[in-house]
Engineer: 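One structure is given below, represented as structure tokens, and several questions about it will come after.
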Amino acid sequence: MKGSRCECCVCCRWSLSGSEQFALRYADGPQLYITEQSRGEIKNGTILRLAISPMRAARQLLERIQSHGIDARLEALKELAKLSADPTFAAEFINMEGLATLARLVESGTQYDFGEMLAFTLTAFLELMDHGIVSWDLISVSFIKQISGYVNQPMVDVSILQRSLAILESMVLNSHSLYQRVAQETTVAQLIAHLQVSNQEIQTYAIALINALFLKTPEDRRQVNTHTNQLQSHHDTNLTEMAHQLYVLQVLTFNLLEERMMTKMDPNDQTQRDIIFELRRIAFDGDNDPSGTEKRKAIYTKDYKMLGFTNPVNPAMDFTQTPPGMLALDNMLYLAKVHQDTYIRIVLENCSREDKHECPFGRSAIELTRMLCDILQVGELPNEGCNDFHPMFFTHERAWEEFFCVCIQLLNKTWKEMRATAEDFNKVMTVVREQITRALAMKPPSLEQLRVKLRSLSYSEILRLRQSERMSQDDFQSPPIIELRERIQPEILELIKQQRLNRLCEGSCFRKLGNRRRQEKFWFCRLSLNHKVLHYGDLDESPQGEVPFELLTDKIPVSDIKAVLTGKDCPHMKEKSALKQNKEVLELAFSVLYDPDEVLNFVAPNKYEYCIWTDGLSALLGKELGSDLTRSDLDTLMSMEMKLRLLDLENITIPEAPPPVPKEPSTYNFTYNYG
């Protein structure tokens with residue numbers, strides 16, 4: 001080989017003495033060789049080191065790999081695994097038939113089956129193939145069988161299994177002929193077993209190979225594997241590494257629905273029409289059909305109308321639009337057969353409502369199926385780098401159908417909460433979509449948890465969230481809006497203060513704390529209309545409405561009030577008997593201290609009255625109103641007032657600063673003589 005030169009290396013290019021023997025490499029990081037093409041990437045301060053040339057390194061390693069000494073071969077393979085990531089070295093090693101040598105070593109079988117040595121060999125092989133210099137189609141059948149054997153063995157070294165899974169994945173993705181061979185040698189059921197181990201990397205590589213096989217399988221042969229529900233129960237809670245692979249598997253699983261989603265119903269197909277008839281039979285128990293064609297047809301039309309089909313005379317026409325096509329009918333049949341009680345309840349519940357308030361089940365189910373397909377992007381290809389998977393879809397064998405069943409119940413519940421009519425159908429669907437997307441964003445771990453989260457996202461809660469989000473939008477944070485809020489807030493606080501004082505003038509009834517075995521006693525307290533005196537007195541029973549001032553014999557001038565105490569600071573909560581009271585009583589207790597060192601103790605009947613009285617007494621003393629009720633009222637009233645003030649500015653961008661004052665005119669002679 002004397003006189004042979006590696007023209008790609010910098011040393012050779014610059015004609016340095018002995019350049020065919022040496023080359024420059026990075027001293028840190030991946031330690032790649034510096035080539036004429038990559039030398040422009042060297043930055044100031046980068047440390048380089050002189051090393052043997054890639055040609056010489058490849059030749060030496062190849063000789064050591066083929067030696068008989070096991071220790072020498074192991075060290076050579078370890079070094080080869082590191083150098084194989086370098087494209088310059090890889091090209092030289094492959095040119096010397098090094099890749100074929102590694103393949104023969106793997107194919108040799110048990111005599112070469114030393115765990116660490118085999119792991120380094122597979123690592124080097126995969127790194128060399130990843131450069132794309134050699135086609136995967138050149139891989140031999142015996143090599144595929146040997147690699148598949150490592151994957152199918154129940155007990156194999158983790159490092160060997162990991163690299164074997166990665167090699168098989170690359171084969172499947174890069175060669176159609178190899179996909180067929182790998183699919184014969186390794187089944188998905190065998191790969192599922194690797195999801196039960198605790199090693200997260202093995203789980204990730206196993207899912208990646210499952211996805212690769214799924215992608216290459218012809219559509220007519222794809223099936224939802226019944227073992228996918230094991231994914232959630234066996235993978236580690238830290239899903240960062242495998243999140244993308246789970247997302248890909250989720251997308252591929254949902255894409256199996258695309259064919260039914262894009263299939264129109266044939267109105268003349270009796271088999272398909274029988275499915276609709278089955279929906280009617282289950283809902284209305286129509287085993288005993290009336291005699292006579294015309295009579296039967298009239299009853300069927302009435303029943304299909306009660307089922308909520310848009311075309312009650314021929315409901316098959318409702319499924320001719322794609323999406324959702326036949327997928328909607330599949331979902332409805334699953335609900336009717338698997339969750340029969342729920343299905344019958346939904347249908348009969350809507351039949352019993354007024355005509356204008358009934359929720360059309362058929363139309364709702366069809367639109368809901370279309371919506372779910374759009375939310376979950378059924379038919380779309382996986383996005384590279386996306387990790388948006390939902391764990392709950394791996395917890396049930398029929399996750400899609402169960403998801404539909406949960407959502408159709410949500411739709412029916414939301415319809416009732418909104419007291420919707422037929423004209424409100426699109427509005428209801430918009431709210432339901434928001435409820436579902438918000439719940440999915442929380443990533444519930446199971447379908448049961450999804451139900452819990454959807455129950456919490458009622459229609460009133462959606463309205464509250466919308467209002468809160470609108471208030472936090474950029475427009476509501478701009479300086480002019482903030483300034484407007486600051487000007488309005490004192491007016492709103494004054495309004496709340498007056499409401500509290502008015503309630504104190506109406507008065508409230510309070511219970512006296514005492515022995516529970518004695519008859520319960522009450523007392524009443526109210527503020528005088530001029531806000532100067534608190535009137536109070538005992539009552540024999542709880543009053544209905546206001547109590548006249550004449551019946552309240554005791555009074556406290558507001559000017560004598562020193563302070564208002566709450567909770568544990570109240571004297572009657574420090575007494576021994578009061579220590580036995582529950583936490584609820586403690587949270588409703590407050591006291592008024594007044595001259596001369598007297599105290600009037602209260603226990604409010606509920607939290608609302610507690611807030612009203614503590615706020616009202618604070619207002620009398622000229623202090624801030626700090627209750628939870630005040631904060632809630634302030635937010636609500638401020639939001640309403642801001643909306644009213646900004647009503648005419650909808651869709652108009654509010655500037656950050658006021659417009660500049662124009663310059664003075666050159667003359668103030670603005671008059672015109674009409675004479």
Side-chain angles (χ1 to χ4, degrees), residues 493-494 496-633:
L493 286 173
E494 183 62 28
I496 295 173
K497 176 183 173 181
Q498 291 302 321
Q499 188 269 342
R500 301 295 193 260
L501 293 175
N502 290 339
R503 278 288 290 108
L504 263 62
C505 290
E506 294 174 7
S508 299
C509 180
F510 300 93
R511 287 184 297 113
K512 281 192 172 185
L513 289 179
N515 194 327
R516 293 184 179 179
R517 286 174 291 186
R518 296 177 183 174
Q519 186 177 358
E520 194 170 25
K521 293 185 177 181
F522 302 91
W523 65 285
F524 198 89
C525 185
R526 63 182 296 193
L527 179 66
S528 63
L529 299 181
N530 61 5
H531 300 171
K532 292 184 177 181
V533 180
L534 276 177
H535 297 266
Y536 65 97
D538 294 340
L539 299 174
D540 293 332
E541 58 183 15
S542 180
Q544 301 295 325
E546 295 183 8
V547 176
F549 289 109
E550 295 78 17
L551 298 179
L552 305 176
T553 56
D554 300 309
K555 59 183 178 180
I556 302 172
V558 171
S559 58
D560 290 347
I561 297 177
K562 294 180 179 179
V564 177
L565 305 178
T566 59
K568 294 180 180 179
D569 296 330
C570 298
H572 59 312
M573 290 294 107
K574 295 180 180 180
E575 298 172 3
K576 291 183 179 181
S577 60
L579 293 176
K580 299 179 182 179
Q581 300 294 331
N582 57 33
K583 183 180 178 182
E584 183 181 355
V585 173
L586 191 66
E587 292 176 347
L588 299 177
F590 61 98
S591 300
V592 173
L593 300 184
Y594 61 97
D595 288 336
D597 297 327
E598 296 290 338
V599 61
L600 183 62
N601 296 319
F602 296 75
V603 175
N606 51 56
K607 189 67 175 178
Y608 176 78
E609 289 293 333
Y610 171 83
C611 293
I612 289 291
W613 275 84
T614 53
D615 282 343
L617 293 171
S618 296
L620 289 173
L621 298 178
K623 297 181 179 179
E624 291 186 3
L625 282 59
S627 71
D628 294 337
L629 182 61
T630 294
R631 284 190 289 270
S632 175
D633 288 349

Engineer: Among K497, R503, Q499, R500, which residue satisfies the side-chain hydrogen bond (donor to acceptor under 3.5 Å, both in side chains) criterion with D615?
Structural biologist: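 Of the listed options, the one satisfying the test is R500.
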
Engineer: Please report the interatomic distance CG(N601) to SG(C570), rounded to the nearest 0.5 Å.
Structural biologist: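 N601 CG to C570 SG: 7.0 Å, rounded to 0.5 Å.
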
Engineer: Report yes if the side chains of W523 and L600 come closer than 4.5 Å at any heavy-atom pair, otherwise no.
Structural biologist: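 A side-chain contact under 4.5 Å exists here.
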
Engineer: Rounded at 0.5 Å granularity, tell me how far OH in Y610 sits from CZ in F590.
Structural biologist: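 That separation rounds to 8.0 Å.
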
Engineer: Measure across R631 and G626 and return the closest heavy-atom pair with its distance rounded to 0.1 Å.
Structural biologist: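 Scanning both residues completely, I find the closest heavy atoms to be NH1-O, 3.0 Å.
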
Engineer: Please give me the minimum heavy-atom distance between L501 and G616, naming the atom from each residue.
Structural biologist: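 For L501 versus G616, the nearest heavy atoms are CD2-O, 3.7 Å.
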
Engineer: Around atom NZ of K532, are there more than 12 heavy atoms from other residues, nucleotides or ligands closer than 6.0 Å?
Structural biologist: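 Incorrect, the count does not exceed 12.
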
Engineer: Does R526 reach the main-chain N or O of L504 with its side chain, forming a donor-acceptor pair under 3.5 Å?
Structural biologist: no

Engineer: Taking only residues two or more places apart in sequence or in another chain, which ones pass side chain to side chain donor-acceptor pair (under 3.5 Å) with T566?
Structural biologist: none

Engineer: Could you tell me which residues satisfy ring-ring contact (aromatic ring centres under 6.0 Å, His included) with F549, sequence neighbours excluded, listed by chain and number?
Structural biologist: H535

Engineer: Taking the side chain as everything from C-beta on, heavy atoms only, tell me whether F510 gets closer than 4.5 Å to W613.
Structural biologist: yes

Engineer: Short question: side chain of S618, backbone of T614 - any donor-acceptor pair under 3.5 Å?
Structural biologist: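 Flag set: sc S618 to bb T614 pair under 3.5 Å.
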
Engineer: Closest approach of R511 and F522, non-hydrogen atoms and distance?
Structural biologist: CG-CE2, 3.7 Å

Engineer: Could you pull out every donor-acceptor pair under 3.5 Å between side chains of residues 550-562 and any protein atom, sequence neighbours left out?
Structural biologist:
| residue | atom | partner | partner atom | Å |
| --- | --- | --- | --- | --- |
| K562 | NZ | D595 | OD1 | 3.3 |
| K562 | NZ | D597 | OD1 | 3.1 |

Engineer: Could you check whether any side-chain heavy atom of F524 comes within less than 4.5 Å of a side-chain heavy atom of S508, counting everything from C-beta outward?
Structural biologist: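 They are not in side-chain contact.
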
